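Structure record follows, encoded as structure tokens.
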Amino acid sequence: MGVLKIENGVAVNVENIPILPFNEFKDEILKFAETGYVVQHFAAPCCEIKDNETNNKNNDNENKTGYKIYTVLRNDGRLYVASTMVEDSYESLSQYNIKFHMFEREIAEQYGVIPKNHPWFKSVRYHKNYSENPDAFDNDYTAPIPGNYPFYEVEGEGIHQVAVGPVHAGIIEPGHFRFNCMGETILNLEIQHGYQHRGIEKQLLNCKKNILAPLIESVAGDTVIGNSICFSEAVEGLSDYVVDEPLLTYRRLLLEIERIANHIGTLGGLAGDVGYLPTASYYGRIRGDFLNMFVLICGNRFGRSSLRPFGAPFKLSNDHIKELIKRFEQLKKEVIDVGNLMLDNPEVLGRFDYTGIIDTKTAKLIGLVGPAGRASGIEYDVRKSFSRARIIYDRGIELVARKDGAVSSRAKTYFYETINSIEFCIELLKVADFQINDSSSKLEETALKPNSFIITMEEAWRGELSHCIITDENGNIIRYKIKDSSFHNWTALELTVRNEGIYDFPLCNKSFNLSYCGFDL
């Protein structure tokens, strides 16, 4: 195969990544994606490429400005990377495999490089591209957003549209939901984001090293720990730093606290969406109790500043550990009792069961990840497959998977994962060594390996999260690509609500609990 086998968190020389002629690249990647999955698929600008290295053939031999497309793929616990060179267009892979469709739209959006014959060629967000190429979507960025975005329309007698957003009643990022309905039945939902493009990936290339970590923490406020771990392990991999077990353990403790707090928030939201106030109220308070564990550790409810490359600014004293064990053990019983109260209630299950189903075949087709994927029968969890801390997770993390793919299945997946994570944290606090050798202040003086490529992956609370960094000959970061799990899973929400009542949309939406800000980078 024309791909290079790589490992999570281990840097490779860019020159060792195969650069395949486009047609060979297309055949290799599509064959792999029939049973495998796409982790990353993005473009990076190149200075000059020779004509015979691209899929565009001309008679002259002049060098041309072009782009290198990198693809990271996974299957059965193994990671691979390959690349190809393109100019201003190439043949779309999405027309053959839907797993690429969002990635290719993003490439066009960021660099004006057009995937020809893409079956759903629309902008993902709304911003001027990073190159000198013409805009791929003919947008005038001096005009009001959303610009030239052709929403899908269903025609016929009795068909009507419902437009929701981008301004919402909740305190969330802007996003637009366009429903085509027959009466109250949803025929099609199309979701459009990017009304407030933040440009995080561009900022990461132009900021000082001491700003990198706080900027990474702002990628998504509910995934501070997940993003911080991916960033830290990427920097460490690019500087050949070996992380000891106490630091690995400390990071995973924080990651599980973040998972627990957000899963409980999701379950409380589901209870609220069906008007079941006991669980909605109790879980709202219990979520706060878990977030307050971060206050005990680092002084911030979302864990900001708790993690840095090479160490941790805060220490877990014996008193902290005893207090955390006490809180976990007390809250465990409450989490179980309050969750069972909801999930054993026939009226709640009457709304949850058989609602918002995404079957295993469809989930695999689009590459669904995280608890939503596991609730649809996909037995994949980064913690068990790729995590740098697998030896720690194998001591207590179990893979929770169900099959029916309904709201009830997703709710039960969140619930049982929460209990498993609580038990894992209690055991970790009782037996693990948290005496961290802190070197977290050395980031500013750290030189990253030149001409290198690294990808880091972690099972954030929504699912597979990955960061990819490419450096130049001086060790400077020239591409920083972040993929939140929501990049895969927003498509699932669009498919899930088809033929459902529009009154069940909030319930389906909450059962995925997708990220707006993590999506709009």
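Keep in mind the model is a prediction, meaning the values are calculated, not measured. Sequence positions, counted from 1, serve as the residue numbers for this chain.
At distances below 3.5 Å, at least one donor-acceptor pair connects side-chain atoms of Asn262 with backbone N or O atoms of Asp222. Looking at Thr496, its side chain never comes within 3.5 Å of a backbone N or O of Ile357 through a donor-acceptor pair. Put simply, the side chain of Asn300 gets close to the backbone of Gly303: a donor and an acceptor are under 3.5 Å apart. A donor-acceptor pair is defined here as one N or O able to donate and one able to accept, closer than 3.5 Å; such a pair exists between the side chain of Arg410 and the backbone of Gly405. When atom types are taken as modelled, the side chain of Asn420 and the backbone of Glu398 share a donor-acceptor pair closer than 3.5 angstrom. A distance-only check finds no donor-acceptor pair linking the side chain of Arg287 to the backbone of Thr266 [under 3.5 Å]. Distance alone, capped at 3.5 Å, places no donor-acceptor pair between the Asn129 side chain and the Glu109 backbone. In terms of modelled atom types and a separation under 3.5 Å, the side chain of Asn227 and the main chain of Ile216 share no donor-acceptor contact. Using modelled atom types, one side-chain atom of Arg479 and one backbone atom of Ala43 make a donor-acceptor pair closer than 3.5 Å. In this structure a side-chain-to-backbone donor-acceptor pair under 3.5 Å is present from Arg374 to Tyr380.
Ring geometry, His193 versus Tyr516: the interplanar angle exceeds 60°, so the pair is classed perpendicular (tilted spans 30 to 60°). Under the 30°/60° scheme for interplanar angles, the aromatic rings of Tyr130 and His127 are found to lie parallel. Ring orientation note: the planes of Trp461 and His263 are nearly perpendicular, at an angle over 60° on the 30°/60° scale. Between Phe103 and His41, the ring planes lie perpendicular to each other; the angle is over 60°, past the 30° to 60° tilted range.
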Report task. Determine, step by step, whether Ser515 and Asp484 satisfy the side-chain hydrogen bond (donor to acceptor under 3.5 Å, both in side chains) criterion, reporting the C-alpha distance in whole Å, the side-chain angles of both residues, the deciding distance to 0.1 Å, and the verdict. Result -> CA-CA 8 Å; Ser515 176; Asp484 186 89; 4.5 Å; no
Report task. Could you give me the CA-CA distance, side-chain angles and deciding distance for Gln40 and Ser466, then say whether side-chain hydrogen bond (donor to acceptor under 3.5 Å, both in side chains) is met? Result -> CA-CA 8 Å; Gln40 293 269 16; Ser466 67; 3.0 Å; yes
Report task. List the steps, then state whether ring pair (Phe, Tyr, Trp, His ring centres under 6.0 Å) holds for His176 with Phe151. Result -> CA-CA 11 Å; His176 184 80; Phe151 282 100; 5.1 Å; yes
Report task. Please lay out, stage by stage, how Ile422 and Phe290 fare under the test side chain to side chain contact (heavy atoms under 4.5 Å, CB included). Result -> CA-CA 10 Å; Ile422 291 173; Phe290 281 104; 3.9 Å; yes
Query raised in the report: Yes or no on salt bridge (charged side-chain N to carboxylate O under 4.0 Å, His left out) for Arg388 and Glu459, after CA distance, side-chain angles and deciding distance?
Result: CA-CA 11 Å; Arg388 303 287 290 172; Glu459 185 72 20; over 6 Å; no
Report task. May I have the step-by-step check of salt bridge (charged side-chain N to carboxylate O under 4.0 Å, His left out) for Lys430 and Glu329, ending in yes or no? Result -> CA-CA 12 Å; Lys430 287 181 177 179; Glu329 290 180 337; 3.4 Å; yes
Requested in this report: Walk me through it: do Val164 and Val162 pass the test side chain to side chain contact (heavy atoms under 4.5 Å, CB included)?
Outcome: CA-CA 7 Å; Val164 180; Val162 179; 4.2 Å; yes
Query raised in the report: So Asp394 and Ile391, side chain to side chain contact (heavy atoms under 4.5 Å, CB included) or not? Walk me through it.
Result: CA-CA 5 Å; Asp394 285 344; Ile391 189 172; 5.7 Å; no
**Report entry** Cys230 and Met457: CA distance, side-chain angles, deciding distance, side chain to side chain contact (heavy atoms under 4.5 Å, CB included) verdict
**Finding:** CA-CA 6 Å; Cys230 283; Met457 301 168 62; 5.8 Å; no
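Met102 pairs in a side chain to side chain contact (heavy atoms under 4.5 Å, CB included) with only one of the listed residues (Ile366, Ile107, Val38, Thr491), which is Thr491.
Not counting sequence neighbours, the partners of Asn188 by the side-chain hydrogen bond (donor to acceptor under 3.5 Å, both in side chains) test are Arg498.
Salt bridge Glu423/Lys332: present, at least one basic N to carboxylate O contact under 4.0 Å. Checked for salt-bridge contact, Glu106 and Lys483 miss the test: no charged N lies under 4.0 Å from a carboxylate O. By the 4.0 Å N-to-carboxylate-O rule, Lys481 lies close enough to Glu201 to be salt-bridged with it. Ion pairing between Lys403 and Asp359 fails under the 4.0 Å rule for side-chain N and carboxylate O. A salt bridge links Arg351 with Asp504: at least one charged nitrogen is closer than 4.0 Å to a carboxylate oxygen. A salt bridge is defined here as a Lys NZ or Arg NE, NH1 or NH2 lying under 4.0 Å from an Asp or Glu carboxylate O, and Glu236 with Arg251 meets this definition. One finds a salt bridge joining Arg252 and Glu458 here, because a Lys/Arg side-chain nitrogen approaches an Asp/Glu carboxylate oxygen to under 4.0 Å.
Checked against the 6.0 Å centroid criterion, the rings of Trp120 and Tyr152 qualify as a close aromatic pair. Remark: aromatic rings of Phe137 and Tyr149 are distant, center separation not under 6.0 Å. Between Tyr70 and Phe42, the gap from one ring centroid to the other is short of 6.0 Å.
The environment of OH in Tyr141 is crowded: more than 12 heavy-atom neighbours from other residues, nucleotides or ligands sit within 6.0 Å. Counting heavy-atom neighbours within 6.0 Å of Glu379 CD, excluding the residue itself, gives a total of 12 or less. Within a 6.0 Å sphere centred on NZ of Lys322, heavy atoms belonging to other residues, nucleotides or ligands number 12 at most. More than 12 heavy-atom neighbours from other residues, nucleotides or ligands sit within 6.0 angstrom of CG on Asn210. Other residues, nucleotides and ligands contribute at most 12 non-hydrogen atoms within 6.0 Å of the OH atom of Tyr282. Around atom NZ of Lys122, more than 12 heavy atoms belonging to other residues, nucleotides or ligands sit under 6.0 Å away. Within a 6.0 Å radius of CD in Glu184, other residues, nucleotides and ligands contribute 12 heavy atoms or fewer.
No hydrogens or angles considered: a donor-acceptor pair under 3.5 Å links the side chains of Arg178 and Gln161. No donor-acceptor contact under 3.5 angstrom links the side chains of Thr185 and Glu500, judged on distance only. There is no side-chain donor-acceptor pair under 3.5 Å between Ser317 and Asp319.
In plain terms, the two heavy atoms of Leu465 and Thr223 that are nearest each other are CD2-CG2, 4.3 Å. Between Thr456 and Gly9, the closest heavy-atom pair is CG2-CA, 3.8 Å.
A 4.5 Å side-chain heavy-atom check between Ile229 and Leu255 finds at least one atom pair inside the cut-off. The side-chain heavy atoms of Leu324 and Leu296, taken from C-beta on, include a pair separated by under 4.5 Å. Looking at heavy atoms from C-beta onward, Pro115 lies out of side-chain contact with Ser94 at the 4.5 angstrom threshold. With contacts defined as side-chain heavy-atom distances shorter than 4.5 Å, the pair Ile264/Ile260 qualifies. With contacts defined as side-chain heavy-atom distances shorter than 4.5 Å, the pair Arg304/Cys298 does not qualify.
In this structure, Arg301 is not positioned above the aromatic face of Phe294 in the sense of NZ or CZ being under 6.0 Å from the six-membered ring centre and within 45° of the axis. In this structure, Lys384 fails the cation-pi test against Tyr393, since its NZ or CZ atom is not both closer than 6.0 Å to the six-membered ring centre and inside 45 degrees of the ring normal.
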